[in-house]
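Inspection log for the structure reproduced underneath, given as structure tokens.
Convention: sequence-line order gives letters A, B, ...; per-chain numbering from 1.
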2 protein chains.
Amino acid sequence: MPRAGLSTQAVVQAAVEVIDEHGVAALTLAAVAARCGVAAPSLYKHVAGLTELKTLVGVRVLNELADRFADAAMGRSGADAITALMHAYRAYVTAHPARYAAMPVDPLHQPELAAAGIRQLEVIQAALRPWRLDPAGQIQTIRKLRVIAHGFASLESAGGFGLPEDLDETYQQLITTFLDSLPAHP
Amino acid sequence: MPRAGLSTQAVVQAAVEVIDEHGVAALTLAAVAARCGVAAPSLYKHVAGLTELKTLVGVRVLNELADRFADAAMGRSGADAITALMHAYRAYVTAHPARYAAMPVDPLHQPELAAAGIRQLEVIQAALRPWRLDPAGQIQTIRKLRVIAHGFASLESAGGFGLPEDLDETYQQLITTFLDSLPAHP
DNA sequence: CGTGCATGGCTAATGGCAGTAGCTTTTTGG
DNA sequence: CCAAAAAGCTACTGCCATTAGCCATGCACG
């Protein structure tokens with residue numbers, strides 16, 4: 001019996017593939033084990049259980065999105081940067097709709113996820129810097145941005161819009177509305 | 001062995017209670033049966049299986065929300081009606097956070113849910129009537145309203161906002177921003 | 001009043017899944 | 001070369017959904 005040469009990250013990778021192919025509800029240790037060519041109990045050598053695996057997938061997804069954010073914001077500022085962030089958000093979700101459903105919405109409440117959540121936050125904060133918002137205003141603004149990006153993304157990825165028609169236009173209008181709601185900046 | 005006197009609606013009611021108390025992930029035929037004081041297989045006399053039960057719960061939740069919408073919109077019009085709808089949406093979700101997670105986001109794609117989904121839609125359409133939007137504009141507008149209401153509600157009900165502080169203010173700003181994005185109306 | 005039959009409940013059994021225990025083989029480090 | 005950690009495995013338990021088939025209930029009608 002040769003060794004499969006697994007690792008925690010390899011198991012997480014297999015889990016993400018299962019989610020991409022069959023949806024987040026199909027994430028099961030049995031399915032991951034099958035994909036890894038291993039018996040289910042063997043996974044416990046790399047992962048504490050299904051709960052931990054889900055957390056690790058959450059971390060992975062949060063970080064992937066943070067990477068996209070960082071890419072999108074790079075070399076831009078002001079409204080341009082915000083627009084790029086919003087489009088990066090949507091692009092990630094449309095590229096991996098099922099994966100998005102595995103992203104925890106409350107990362108700051110779980111220590112294992114907090115770091116990845118904060119990475120996203122920092123990119124957004126940086127993009128908002130030109131507006132010189134006071135701390136309370138910054139919180140409000142980030143919340144509103146999240147509401148719009150997450151609201152649109154979760155509806156789109158779940159097929160919540162009746163017709164796919166003109167969705168680009170809808171999203172663009174939302175971004176514009178959000179930007180218009182910000183105070184003028186230098 | 002006396003009869004429990006169940007019915008499909010009684011089973012759905014028990015399912016909703018299980019969700020309210022233990023979250024949507026705890027919705028299991030075993031839990032519903034226990035709450036009904038019945039063995040699990042007996043539920044199949046009233047419900048085709050777990051999948052159908054979930055659908056029926058979805059219908060129930062969609063209709064409850066549509067009722068709240070109708071109440072809120074009654075006797076109001078224009079921006080006042082929209083504001084009332086948005087607050088009714090949030091009030092329902094904060095009153096029953098777990099139940100909201102059981103509400104399907106794509107009701108129009110499943111025949112069993114479509115009627116309940118359309119009820120909601122019609123109330124929103126009526127509230128938007130004063131703006132005399134063309135059909136395309138109406139679709140865009142309803143989408144944006146949904147994005148904001150659902151985005152906020154799903155984040156709030158899932159604990160997605162770091163601090164509960166000033167959430168009323170955040171939501172009010174979103175409503176105002178949305179209303180400002182509409183063309184002036186008579 | 002009885003009786004028959006649809007209804008609503010039950011127990012038993014199957015198959016899928018997570019998770020645990022304990023064994024065997026591989027790999028690695030000294 | 002050998003010992004021990006690491007990475008597999010099989011066997012087992014317990015929970016859940018679902019199916020099959022049995023039995024009591026209670027209503028509808030003679």
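- Here Ser42(B) reaches the OP1 or OP2 of dC10(C): one of its side-chain N or O atoms lies under 4.0 Å away.
- Tyr44(A) has its OH atom 15 Å from the C1' atom of dA11(D), to the nearest Å.
- Relative orientation of the His87(B) and Tyr171(B) rings is perpendicular, given thresholds of 30° and 60° on the angle between their planes.
- Rounded to an integer number of Å, the gap from CD of Gln9(A) to C1' of dA7(D) is 18 Å.
- The distance between atom NE2 of His22(A) and atom C1' of dG16(C), rounded to the nearest whole Å, is 16 Å.
- Between His150(B) and His150(A), the ring planes lie parallel to each other; the angle is under 30°, not in the 30° to 60° tilted range.
- In terms of phosphate contacts, His46(B) brings no side-chain nitrogen or oxygen within less than 4.0 Å of OP1 or OP2 of dT7(C).
- Counting to the nearest Å, the P atom of dA21(C) and the CG atom of Leu43(A) are 18 Å from each other.
- Other residues, nucleotides and ligands place no more than 12 heavy atoms under 6.0 Å from the NE2 atom of His22(B).
- Using a 4.0 Å heavy-atom distance criterion, Ala40(A) is classed as making no nucleic acid contact.
- Remark: P of dC17(C) and CG of Leu27(A) are 12 Å apart, rounded to the nearest angstrom.
- Using a distance-only test at 3.5 Å, with no hydrogens or angles considered, no donor-acceptor pair links the side chain of Thr170(B) to the main chain of Gln140(A).
- Of the possible polar contacts, one joining the His109(B) side chain to the Gly159(A) backbone as a donor-acceptor pair under 3.5 Å is found.
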Report summary line: Given Watson-Crick and G-U pairs under 3.5 Å, DNA chain C in dot-bracket ([ ] crossing, | other strand) is ||||||||||||||||||||||||||||||
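- Of all nucleotides listed (dG9(C), dA18(C), dC16(D)), dC16(D) comes nearest to the side chain of Thr28(B).
- Out of dT10(D), dC10(C), dA7(D), the shortest distance to the side chain of Arg3(A) is found at dA7(D).
- For the pair Lys45(B) NZ and dG8(C) C1', the computed distance is 6 Å after rounding to whole Å.
- dG9(C) atom P lies 14 Å from atom CG of Leu29(B), rounded to whole Å.
- Place Gly5(A) and Pro41(B) on DNA chain D by their nearest nucleotides, and Gly5(A) ends up nearer the 5' end.
- Both cation-pi conditions hold for Arg143(A) and Phe161(B): the charged atom is under 6.0 angstrom from the six-membered ring centre and inside a 45 degree cone around its axis.
- The pair Arg76(A)-Asp71(A) does not meet the salt-bridge criterion, since no charged nitrogen lies less than 4.0 angstrom from a carboxylate oxygen.
- Closest to the Ala30(B) side chain, of the nucleotides dG8(D), dC16(D), dG19(C), is dC16(D).
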